[in-house]
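Contents: one structure, followed by commentary.
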Amino acid sequence: MKLAEFRPALDAWLTEHAGELTPTEPGLDAAMAHLSTVKRLAYDAGWMRWGWPERVGGLGGSPLLRGYLGEALTARGFVEPGIYSLTEVLAPTMIDFAAPELAAEMVPKLLRGDETWCQGFSEPSTGSNLASLTCRAVATDTGWRVNGQKVWTSLAQYAQRCVLLTRTGPPESANSTDKHRGITALFVDMDSPGIMVRPIETMHGAPEFCEVFFDDVDVPVSRTLGAEGQGWAVAMDLLPYERSTALWHRGAFLHKRLDDLVREAPDGRLSARDVGAVLEQIYAFRARSRTTLHRLDAGEQLGAETSLDKALLGLAEQSLFDLVEATLSDEVAFGDSPTDAEWRSEFLYSRAATIYGGSAEIQRNIIAKRLLDLGAEA
Ligand SMILES: Cc1cc2nc3c(=O)[nH]c(=O)nc-3n(C[C@H](O)[C@H](O)[C@H](O)COP(=O)(O)OP(=O)(O)OC[C@H]3O[C@@H](n4cnc5c(N)ncnc54)[C@H](O)[C@@H]3O)c2cc1C
């Protein structure tokens with residue numbers, strides 16, 4: 001199906017099913033349960049399958065179709081883009097690197113909302129410097145035995161599976177110039193014996209990410225993503241996906257919230273100039289992200305240039321919520337009035353927009369070194 005047919009047909013379906021698709025309860029547990037419902041309804045009606053390859057339960061067609069589905073769902077307030085985004089972040093790399101039969105078995109469960117997956121990359125001493133990770137996997141007769149810790153693992157407490165980066169090369173390679181080698185990616189069942197998940201309460205009030213501990217966790221060899229030692233390539237495949245369709249959906253959400261702000265602002269509190277300044281940032285991001293989606297559609301390999309998308313998204317998100325805070329009551333940022341709860345949560349979450357998916361400083365380093373060839377840091 002082409003985008004021109006997909007859009008009106010999907011819009012009509014969303015309007016018809018708005019009652020079932022509209023969330024009714026606050027809180028992360030309710031949002032996760034509702035997300036599963038939305039994905040199941042959209043999958044069973046076919047919408048959630050467009051833009052994904054047939055070999056993983058999809059109906060084929062352009063990734064632009066997935067881009068529009070997520071945009072339409074977020075812009076109508078049917079899903080929250082942060083929790084929806086993990087599908088777009090994790091499924092493409094699973095398709096690229098898992099054994100075909102494993103991808104065919106697992107990806108439909110994620111698309112249909114039967115399962116949640118998480119991304120186990122960051123560690124207590126390894127965030128920006130991802131290649132120095134130390135969570136260790138040692139070869140056994142049947143696969144791997146994993147020991148170590150991950151942190152900031154979004155939605156791990158709900159997840160049935162984890163895309164996990166481990167060190168399988170010599171331990172000293174974590175600190176050597178060779179650190180990109182010796183990393184292996186695994187697809188781990190979260191109910192495996194030896195995994196403990198501890199949610200972290202965030203300042204925006206939702207325990208959205210977790211610490212995850214691995215204590216002698218056995219993982220079958222069939223769950224290796226790519227070959228042993230190819231984990232860095234898996235990570236470099238995944239991160240650009242994290243900065244493409246997933247961010248496009250977030251941009252649609254920002255646009256919707258700017259519209260909401262214009263509607264809700266008390267008379268005289270919002271100037272056209274301030275709205276224009278934020279709109280400009282949102283459009284700068286959306287124009288850039290649109291190009292990225294079209295490159296994905298053309299089958300191009302995404303890479304370091306998606307750091308521009310992430311940098312622009314961070315600016316747009318924080319400008320919008322700075323304006324929210326300046327426009328609505330002082331309660332928005334630091335009060336506890338229930339009427340402001342949604343704006344407050346989003347304002348506080350927006351502080352993380354320059355951290356999640358790679359910090360703003362790291363994106364600017366990548367842009368400087370890899371895109372502008374400005375050389376090494378002084
Ligand atoms: C909401 C949210 C969700 C997340 N979800 C996940 C998830 O699901 N899975 C996962 O694996 N991780 C997740 N993360 C973690 C995220 O990827 C890391 O927080 C991020 O990569 C930064 O790493 P760090 O927190 O260790 O900070 P650090 O790397 O310690 O950086 C601290 C500060 O130093 C700066 N800095 C570091 N190195 C340099 C440098 N070379 N040059 C200039 N400045 C530098 C950084 O920009 C930052 O400001 C999430 C984070 C957030 C906020």
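It should be emphasised that the depicted structure is a prediction, and the values quoted were computed from it without experimental measurement. Order of listing sets the numbers, starting from 1, for every ligand and every atom in it. Throughout, numbering of the chain's residues begins at 1 and tracks the sequence.
A salt bridge links R263 with D260: the closest approach of a Lys/Arg side-chain nitrogen to an acidic carboxylate oxygen falls below 4.0 angstrom.
Taking every heavy atom of I355 and a limit of under 4.0 angstrom, the matching atoms of ligand 1 come to 19 (O), 20 (C), 53 (C). Near F121, with a cut-off below 4.0 Å to any heavy atom, the atoms of ligand 1 are 11 (O).
At under 3.5 Å, a nitrogen or oxygen of E361, whether backbone or side chain, sits near a nitrogen or oxygen of ligand 1. An N or O contact shorter than 3.5 Å is missing between E123 and ligand 1 by distance. Remark: ligand 1 and Q119 share an N or O pair separated by less than 3.5 Å (distance only, no angle test). Residue Y356 places no N or O, backbone or side chain, under 3.5 Å from any N or O of ligand 1.
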Without placing hydrogens or testing angles, list every side-chain donor-acceptor pair under 3.5 Å for residues 89-102, not counting sequence neighbours.
from, atom 1, to, atom 2, distance (Å)
T93, OG1, D237, OD2, 2.9
T93, OG1, L238, N, 3.4
D96, OD2, Y241, OH, 3.0

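Note on Y84 and L254: separate hydrophobic clusters, where clusters join Ile, Leu, Val, Met, Phe, Trp and Tyr whose side-chain heavy atoms are under 4.5 Å apart, directly or indirectly.
If you check each of S125, S122, S359 against atom 15 (C) of ligand 1, the one with the closest non-hydrogen atom is S122.
Judged by the 6.0 Å distance and 45° axis criteria, K150 is not positioned over the aromatic ring of F209.
Residues passing the salt bridge (Lys or Arg N to Asp or Glu O under 4.0 Å) test with E317, sequence neighbours excluded: R250.
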